Amino acid sequence: MKVYVPLDSAAKALGADAVAEAIRTEARSRGVEVEIVRNGSRGMIWLEPLVEVERDGVRHGYGPLLPSEAAAVFDTDHKKALGPVEDLDWMKRQTRLTFARCGVVDPLSLDDYEAHGGLAGLRRALEMSGETIVDEVKASGLRGRGGAGFPTGIKWDTVRLAHADRKYIVCNADEGDSGTFADRMIMEGDPFTLIEGMAIAGIAVGATKGYLYTRSEYPDAIAVMEAAIRVARARGVLGVDVLGSGKVFDMEVRVGAGAYVCGEETSLLNSLEGKRGVVRAKPPLPALEGAFGKPTVVNNVISLATVPVIFEKGAAHYASFGLGRSKGTMPIQIAGNVARGGLFETAFGMPLGDLVNEIGGGTRSGRPVKAVQVGGPLGAYMPVEKFDTPFGYEEFDGQGGLIGHAGVVVFDDTADMLKMARFAMEFCAIESCGKCTPCRIGARRGVETIDRIARGDGAAVELLTDLCETMKDGSLCALGGFTPYPVMSALQAFPEEFGGMKEAAE
Amino acid sequence: MPQPSAVPLPLPDAQEIQALIDSQLHLEGPLLPIFHALQAAFGYIPESAIPMIASALNITGAEVHGVMSFYHDFRTVPAGRRVLKICRSEACQAVGGDVMAEAVLKKHRLDWHQTTRDGALTVEPVYCLGLCACGPAAMMDGKVIGRLDEAGMDRILTEAGA
């Protein structure tokens, strides 16, 4: 009997390890032979720990399972039985391209990976020239999934055409945005796809070394990635002769140290080099002078993890999904105060309200939704009035927001928007690298100004607006430049909560 | 804020420090890996390591100190025997994590970054554990915990000796 119990951090945080142990004990007492596979998460976090039992090749789900309910998996008719997992509405409504294997395979089995289409992309890329690989990525329409949305193929081409004795692929796995966990999930659930994507990038641009820069807050992801790299190296996917092609590519994991700003690419590069994680002015672009002064591709985990499926199924297949200039799919992470939270990969274009209400099922508390913050701590608060906005880069930009890394954090009507605006400024003040004045000083003044508004000083609202303009236009990077998004969106959508305005009107 | 030095300071041995520094020198950009190795061994970065690192990397002591102090993770004094990191990000706030954490900490007469008097436990804020769909979230010595409630956190703190 084959049983799947996720090793994903979210599943573990909800008791998956104890559930696995309880199933083992239960099986022993029943005299049943069980093979427990620790898979990644399917993304239905509200059902975690989601245990699956394979019967006649079909995986039946049970969840959310408590250790005391371990007997359920030996029973087809338990109250926690969900039926075939693939038939669940949440699964059926998705287009899983990047996350096709996540939750399905044993994350550290390279054979499992290959049996599910893995390495087909890398094999194809190894037959191609650097230029045709880059053209394929361009044709797929893939844009940076870290938030900036820059076309991945164009970035790769810049690095490919740069002349240097050494080039690097740096994977930005510094996923610090609240409400996002897609990078963590793929690293824990399907690490080989990221390794394969980095290898394809390396082959394309002529880089022989890759760094995966991730977070100390993700100990489980670090462990899985390091183990997967060892397997990939032992099996010839990484090393001096990638899959027998004679081409060289190897990679290692580097761990950050709790600085949010290191998710910004130039700050990440400084950190990787052993410096303070201070933002660098651009130009020079990292593509020309990146890690250790060499041409460097810096891509987000999801961008790189999407590359293998583009090469496996073809750029045209990938580009056939999506909306306008937002091609392909996005793993959207529905989080916060939500009934059904998790990761939902879908083609761009689904209206925000459908994601929150239909997919997410509204709030966990059962109270009305007040607003959702999309795109992490630097993303705008979108009130219910903006729920018809289709999920896409340009569409959100047009509504004064951003999709960022596609985290959607739901708040119910008890949320205090002035407090959330203050938190955004406070967070920026704590995490500012200190390089540019609008961010370093602006965020502190921002906290003070919001405190003035809270005390009923209506005149401070104009000051806050002006300060936000300065931060937006004058900051070197997105930390200072985008902190105005949550602040101003909260102020504009909920002016009555910024008490000073009310008083000013009286 | 000054930490009560209830935990007896482990005496870091210069040879051991040097060995840990040397073990990372083959890497490109070895400074962060060196800090991580030292902190993993001693629980903090001993002051005596600063000039040794500076000498190994041929940079100034000020530079080493500057890098170390930039990052929230690196400590100059040992933490408690156990470290509880509680997420304070928006997703956890949306499910009342911040309010709950502050109430429970107050009950145990602890504040953020503080260590209990007997050195049993240090409580730290963390900005996102990636457990945003099952908050409020926390991590005890690297072990993740989701959907924390007041009773759960109370139990964790009590068990840890707070």
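Below, read A as the first sequence line, B as the second, and so on, with proteins coming before strands; counting in each chain starts at 1. Everything quoted here is computed from the prediction, not taken from an experiment.
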| Lys/Arg-Asp/Glu bridge criterion (N-O < 4.0 Å) met for A/Arg215, B/Asp73 | no
| task | Answer yes if the ring centres of B/Tyr127 and A/Tyr260 are under 6.0 angstrom apart, and no otherwise. | result | no
| field | For chain B, the option from A/Met420, A/Glu175, A/Arg340 that forms the most heavy-atom pairs under 4.5 Å | value | A/Met420
| Counting distance only, does the side-chain N/O of A/Arg276 pair as donor-acceptor with the main-chain N or O of B/Tyr71 below 3.5 Å? | no
| task | Report yes if some heavy atom in the side chain of A/Phe427 is under 4.5 Å from a heavy atom in the side chain of B/Ser89; otherwise report no. | result | no
| request: Verify, without hydrogens or angle tests, whether A/Ser178 (side chain) and B/Ala91 (backbone) share a donor-acceptor contact under 3.5 angstrom. | output: yes
| query | Do the side chain of B/His36 and the main chain of A/Ser216 share a donor and acceptor less than 3.5 angstrom apart? | reply | no
| task | Using a cut-off of under 4.5 Å on heavy-atom pairs, state which of B/Phe35, B/Phe74, B/Phe70 scores highest against chain A. | result | B/Phe70
| Part of residues 46-68 of chain B lying next to chain A, heavy-atom separation under 4.5 Å | B/Gly66, B/Val67
| request: Using modelled atom types only, decide if a donor and an acceptor are shared between the side chain of A/Asn337 and the backbone of B/Val95 within a distance under 3.5 Å. | output: no
| Contact leader toward chain B among A/Pro486, A/Gly434, A/Cys433, A/Gly407, where contacts are heavy-atom pairs under 4.5 Å | A/Cys433
| task | Nearest 0.5 Å please: distance from the CG atom of A/Leu14 over to the SG atom of B/Cys134. | result | 4.5 Å
| said: Just so I know, are the side chains of A/Glu48 and B/Arg147 near enough to count as touching, which here means a heavy-atom distance under 4.5 Å? | reply: no
| query | Atom CD of A/Glu426 and atom CZ of B/Arg88: how far apart are they, to the nearest 0.5 Å? | reply | 6.5 Å
| So do the side chains of A/Lys12 and B/Ile145 get within less than 4.5 Å of each other, counting heavy atoms only? | no
| field | From A/Leu272 atom CG to B/Leu31 atom CG, the distance as rounded to the nearest 0.5 Å | value | 12.0 Å
| Nearest heavy atoms of A/Gly176 and B/Cys128, plus distance in Å | O-CB, 3.7 Å
| task | Would you indicate whether the side-chain heavy atoms of B/Cys87 and A/Glu217 approach each other to under 4.5 Å? | result | no
| query | About how many Å separate CZ of A/Phe181 and CG of B/Leu129, when rounded to the nearest 0.5 Å? | reply | 13.0 Å
| request: Using a 4.5 Å cut-off on heavy atoms from C-beta on, say whether the side chain of B/Cys132 contacts that of A/Val409. | output: no
| query | With a 4.0 Å cut-off, would you call A/Arg254 and B/Glu28 a salt bridge? | reply | no
| Is it the side chain or the backbone of A/Pro219 that comes within 4.5 Å of chain B heavy atoms, both, or neither? | side chain
